[in-house]
Amino acid sequence: QVQLVESGGGLVRPGGSLRLSCVVSGSIFSIYGWGWYRQAPGKQRESVAHISTGDTTTYAGSVKGRFTISRDNAKRTVFLQMSDLKPEDTAVYYCNHSPIPMGYWGQGTQVTVSS
């Protein structure tokens, strides 16, 4: 039984920073690539960041240079450090296997960027 618990979201001003965490249970964490996904109201879920089992990273063009994904295998946790946040970053953020996510999704964590 996989559990994905995202946290760290909140309301921030444009230009601000936020650090998201995803704690994973019930998965062999270290043998999978992991990613962060986001979904804004009325939009499809999209991948924003990926980290491989070898810690190589890739990012969507919209966040490249502003977001950093990292992982701690011992803590079974994946992080997303977000800087220079923009209103268009507003979404619910989810973690999951990457590049192929599981059918199961957690509740996500809401990020709202607004003046």
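These numbers were taken from a predicted model, which means no experiment stands behind them.
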Heavy-atom side-chain proximity of Arg66 to Asp89 below 4.5 angstrom: yes
| query | Sub-3.5 Å donor-acceptor pair from the side chain of Gln1 to the main-chain atoms of Gly26, do we have one? | reply | no
Taking every heavy atom of Ser30 against every heavy atom of Thr53, the minimum-distance pair comes out as O-CG2, 3.7 Å
Margin query: Any non-hydrogen side-chain atom of Val113 less than 4.5 Å from a side-chain atom of Met82?
Written below: no
Smallest heavy-atom separation, Ala40 atom then Ala91 atom, equals N-CB, 3.9 Å
Next item on the list: Determine whether Trp34 and Leu4 make a side-chain contact, defined as any pair of heavy atoms from C-beta on separated by less than 4.5 Å.
Entry: yes
query = Can you tell me if CD1 on Ile31 sees more than 12 non-hydrogen neighbours from other groups inside 6.0 Å?
reply = yes
| request: State, yes or no, whether a side-chain contact exists between Gln110 and Thr90 at a heavy-atom distance under 4.5 Å. | output: yes
One should read off an interatomic distance between Gln3 CD and Cys22 SG, to the nearest 0.5 angstrom, of 11.0 Å
On a heavy-atom basis, the closest approach of Tyr37 and Pro99 is OH-O, 4.1 Å
Any donor and acceptor pair, going by atom type alone, linking the side chain of Trp36 with main-chain N or O of Phe79 inside 3.5 Å? yes
- Message: Does Gln107 have more than 12 heavy atoms from other residues, nucleotides or ligands lying within 6.0 Å of its CD?
- Response: no
*Checking Arg76 side chain against Val24 main chain: does a donor-acceptor pair fall under 3.5 Å?*
yes
Worksheet entry | Polar side-chain atom of Arg71 near backbone of Ser52 as donor-acceptor pair, under 3.5 Å | yes
Exercise for the section: Decide yes or no for Asn73 and Phe29: does some side-chain heavy atom of the first lie under 4.5 Å from some side-chain heavy atom of the second? Expected result: yes
All heavy atoms of Trp105 vs all of Gly103, minimum pair found to be CD1-O, 3.5 Å
Rounded to the nearest 0.5 angstrom, the CG-OG1 distance for Leu20 and Thr77 is 12.5 Å
> Do Ile51 and Thr56 come within less than 4.5 Å of each other through their side chains, counting heavy atoms only?
Replying inline: no
Could you check if a side-chain atom of Ser17 sits within less than 4.5 angstrom of a side-chain atom of Val12, using non-hydrogen atoms only?
no
Rounded to the nearest 0.5 Å, the OG atom of Ser98 sits from the CD1 atom of Ile100 at a distance of 9.0 Å
Q. Is it true that Leu80 and Val92 fall in one hydrophobic cluster, defined by side-chain heavy atoms closer than 4.5 Å?
A. no
Q: Examine Tyr93 and Leu11 and state if one hydrophobic cluster contains both, with Ile, Leu, Val, Met, Phe, Trp and Tyr joined whenever side-chain heavy atoms are less than 4.5 Å apart.
A: no
CD of Glu6 to OG of Ser21, rounded to nearest 0.5 Å, is 10.5 Å
Output for pair (His97 NE2, Tyr32 OH), nearest 0.5 Å, gives 5.0 Å
Item checked: Val78 with Ile28, same ILVMFWY side-chain cluster at under 4.5 Å -> yes
Between the main-chain N or O of Tyr104 and the side-chain N or O of Asn96, is there a donor-acceptor pair closer than 3.5 Å? yes
Discussion item. With a 4.5 Å cut-off on side-chain heavy atoms, are Arg38 and Ser62 touching?
Written reply: yes
ask   = Do the side chains of Tyr94 and Val23 join up, straight or via other hydrophobic residues, at under 4.5 Å, putting them in one cluster?
value = no
Looking only at heavy atoms, the pair that brings Ser47 and Ala60 closest together is O-CB, 3.7 Å
